[in-house]
S.K.: 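Once you've had a glance at the structure underneath, I'll fire off some questions.
Since the model is a prediction, treat every value here as computed from it, not as a measurement. Computed over heavy atoms, backbone and side chain alike; hydrogens, waters and symmetry mates excluded. Protein chains get the first letters and strands the later ones, always in sequence-line order, with residue 1 at the start of each.
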Amino acid sequence: MEQYSLFNENKKEESGQEARDDLAVFLPGSRPVPAADYTLRELAFDVEATGVDPLSDRVVGIALCREKGRACYVPLRHLSGPNLPDALPLLKGALENASVAKIGHNLKYDILILRKEGIRAQGALYDTMLASYLLNPNKPGHSLGDVSLEYLSHRKRAYTEVAGKEKSFAEVPPEEATRYAAEDAELAMELRDILFPLLRERGLEKLYFDIEMPLLSVLIDMEEVGIRIDTGKLEKLSRELERELGGIEARIYALAGETFNINSPRQLGKVLFENLGLKPGKKTKTGYSTGMDVLEELAKAHELPGEVLNYRTLHKLKTTYADALPKLLNRKTGRIHTSFNQTVTATGRLSSSEPNLQNIPVRGEWGIRIREAFIADEGHVLISADYSQIELRILAHMSGDRGLIDAFSRNSDIHARTASELFGVPIEEVDAGMRRIAKVVNFGVVYGMSPYGLSEALGIPPPEASAYIERYFSQHPGVRDYIDATIQAARRTGCVSTLLGRTRPLPEIGNSNANVRQQAERLAVNSPIQGTAADLIKIAMIRIAKRLREGGFSTRMVLQIHDELLFDAPGHEREGVTAMIRHEMEHSLALSVPLKVEIGWGGNWAEAH
DNA sequence: GTGGTCAGC
DNA sequence: CGCTGACCACT
């Protein structure tokens, strides 16, 4: 790839002139270019920046490619020149031109960082990372290196390996940077030409253009907006947790007769099972298990395990939430900006990281206090909208089971109804214990339950769990037949798919090892359900974002937590957007059962829930 | 880097 | 029994 050129007025290399001609075609109204009738229809680009966080870092340069075989790089802020800062406003024209399609790998990053330069990319988005994900969501990574290796047999060099210890791309001299940056833009172009025809062949084109591509823009907005946090509240909480932990720690040491690291499962195992002589329940690969279920069992025989459970809970809340969240405040916005990853899960769900805002505590006194630290903007409220039993409703639709459809059509308490069937009592006579078991069984169905798994979850012997499962399926033949048919189809095709055609390959479905095969069979049951729920909320997000935008609302979607959406809304917009949000969520897909959404609001996330 | 544990859906 | 990510200890 020696034809990559550097936009550099001072450079007299052969490709210099041609490179500037390339630049000219990106710029409406600029001087004529040799091929005067040439219209730029699409542009692959790759933004190089000082780091990997688009909300804190600055652009260093931009690589461009408009056709395979040639690409160029515009250095903007390298520490050592030459830089072409004047090129940025020129590039803005092409990037903001909606009739120029944008091609890139992980466009969310590039588009977010360009926004800080006042550039708002428009037009169709061909993201090769998203395409790779739809083609194989099982793939462990979808970096440009991973995808190029698989589809182009191209081994991409990382600039850091070549440049040595450089930390920021700004420290790489422009001429050297050109080799790597321009290659990335061209790789995106080459991958687009391979992956998008594949999407079409595999029937995934609609999923891309109707769901993942528009969702990408929604996620960009959500990440940019972020969410407000009351750091003072978290700091106070942290100090209280510190005090509590100190007390528990002292009691644990007194009970143990020695000090040790409570956070070390190995040291804890030694204290519990060797020093105190308690009975080990389960084992792990490396030694005694000290998991929650084991400690709960041991708590019946000794005080210490209960204290450890309490210690673990509070320590987790302190380190993972109370202490960690304030550190991730963005200095410019004063808010927390998570990263929503669109290409991680095997089922089509999103994931959230740095920080993960999809696992903020919701239960318990201390957990609720952490949610109270997620607050609305001044004069705003947080609105939480979550789907009620979305996965069971999807199972009802996909299986066509009469009992489930009937239950949801009547809007009955599904767990109580299952309990009434399992225990053979009228629904009014279902007690809390029966309902608890039924709830676990209902979850089990969605997870592709096995007697062993259900027995573990309920803490009962496997034969008893088997009896529940058999009873459930005898009363829900539609579900049983659906599961059988799904596994059959998976054996035949090697994959399963959601209502919208999102597929997940199941390479182990015909494995000769029973454990491995049964694991794949559980995935065959669960993935279409979990994945359809993911499709459904994605559609709702796209439609809600569109209506908020077109309606000129100031309400912003801020978080998605799998079956819940969280909004930050001015008080006066609350009633109006609540009705709209409910409508869009309940009608994102027409199923054979109604969808139900529960909505709450308040000054903080705990109140809204 | 891996495994154990636990926060969420 | 499904899907994640973060923190900790330990090698």
Side-chain angles (χ1 to χ4, degrees), chain A residues 137-138 260-269 282-295 308-309 311-325 327-328 338-341 343-364 366-367 370-371 386-392 394-395 440-458 462 465-466 468-469 472 483 496 504 506 515 518-531 533-534 537 559-565 605 609:
Chain A
N138 285 335
F260 64 100
N261 186 342
I262 304 163
N263 283 317
S264 163
R266 225 176 75 183
Q267 293 183 38
L268 177 63
K282 285 188 301 189
K283 295 188 99 178
T284 64
K285 286 177 218 166
T286 52
Y288 309 114
S289 168
T290 67
M292 214 159 69
D293 44 352
V294 172
L295 294 187
V308 171
L309 278 172
Y311 180 92
R312 284 223 181 118
T313 303
L314 300 191
H315 189 263
K316 179 99 168 180
L317 295 181
K318 179 174 187 292
T319 56
T320 308
Y321 306 102
D323 291 342
L325 290 172
K327 290 181 192 161
L328 291 163
T338 186
S339 179
F340 286 108
N341 203 314
T343 62
V344 165
T345 72
T347 54
R349 272 190 180 178
L350 299 177
S351 82
S352 158
S353 58
E354 284 179 286
N356 180 357
L357 296 186
Q358 290 181 322
N359 73 344
I360 300 302
V362 63
R363 288 176 273 270
W366 295 91
I370 286 169
R371 279 209 174 201
D386 66 287
Y387 281 110
S388 165
Q389 275 113 28
I390 186 65
E391 293 190 344
L392 279 176
I394 286 167
L395 175 65
V440 176
V441 170
N442 278 333
F443 274 103
V445 178
V446 171
Y447 293 161
M449 70 182 161
S450 66
Y452 173 77
L454 187 65
S455 74
E456 286 288 307
L458 286 172
S466 271
Y468 284 129
I469 294 172
Y472 181 90
I483 288 174
V496 288
R504 175 178 186 179
L506 294 172
N515 283 329
Q518 284 161 11
Q519 163 75 13
E521 288 171 358
R522 290 193 293 274
L523 302 184
V525 175
N526 175 258
S527 298
I529 301 171
Q530 190 181 117
I537 196 168
L559 293 181
Q560 186 250 45
I561 311 98
H562 310 305
D563 64 354
E564 172 185 5
L565 296 176
W605 197 359
H609 221 270

S.K.: Think A:Ser352 has a side-chain N or O under 4.0 angstrom from the OP1 or OP2 of C:dT4?
M.R.: no
S.K.: If only atom types and distance count, is the side chain of A:Thr347 paired as donor or acceptor with the main-chain N or O of A:Ser527 below 3.5 Å?
M.R.: no
S.K.: If only side-chain N and O atoms of A:Ser264 are considered, is one of them under 4.0 Å from the OP1 or OP2 phosphate oxygen of C:dC8?
M.R.: no
S.K.: On DNA chain C, nearest-nucleotide positions of A:Thr347 versus A:His315: which is more 5'?
M.R.: A:Thr347
S.K.: Quick one: label A:Thr290 by what it contacts on the DNA or RNA (base, sugar-phosphate, nothing), any heavy atom closer than 4.0 Å.
M.R.: sugar-phosphate
S.K.: Without decimals, in angstroms, what is the distance between A:Gln358 CD and B:dC6 C1'?
M.R.: 16 Å
S.K.: NA contact type, A:Asn359, heavy-atom cut-off 4.0 Å: base, sugar-phosphate, or nothing?
M.R.: base
S.K.: When we call it a touch if two heavy atoms are under 4.0 Å apart, what does A:Leu523 touch: a base, just sugar-phosphate, or nothing?
M.R.: sugar-phosphate
S.K.: Is any side-chain nitrogen or oxygen of A:Arg522 closer than 4.0 Å to OP1 or OP2 of C:dG2?
M.R.: yes
S.K.: Could you check how far OH of A:Tyr447 sits from P of C:dT4, rounded to whole Å?
M.R.: 13 Å
S.K.: Classify A:Glu564 by what it touches in the nucleic acid, base, sugar-phosphate, or nothing, heavy-atom distance under 4.0 Å.
M.R.: nothing
S.K.: Base, sugar-phosphate or nothing for A:Gln267? Non-hydrogen atoms, less than 4.0 Å.
M.R.: sugar-phosphate
S.K.: Does A:Gln560 offer a backbone N or O that forms a donor-acceptor pair with the side chain of A:Gln358 under 3.5 Å?
M.R.: yes
S.K.: Would you find a donor on one side and an acceptor on the other, under 3.5 Å apart, between the side chain of A:Glu391 and the backbone of A:Ile529?
M.R.: no
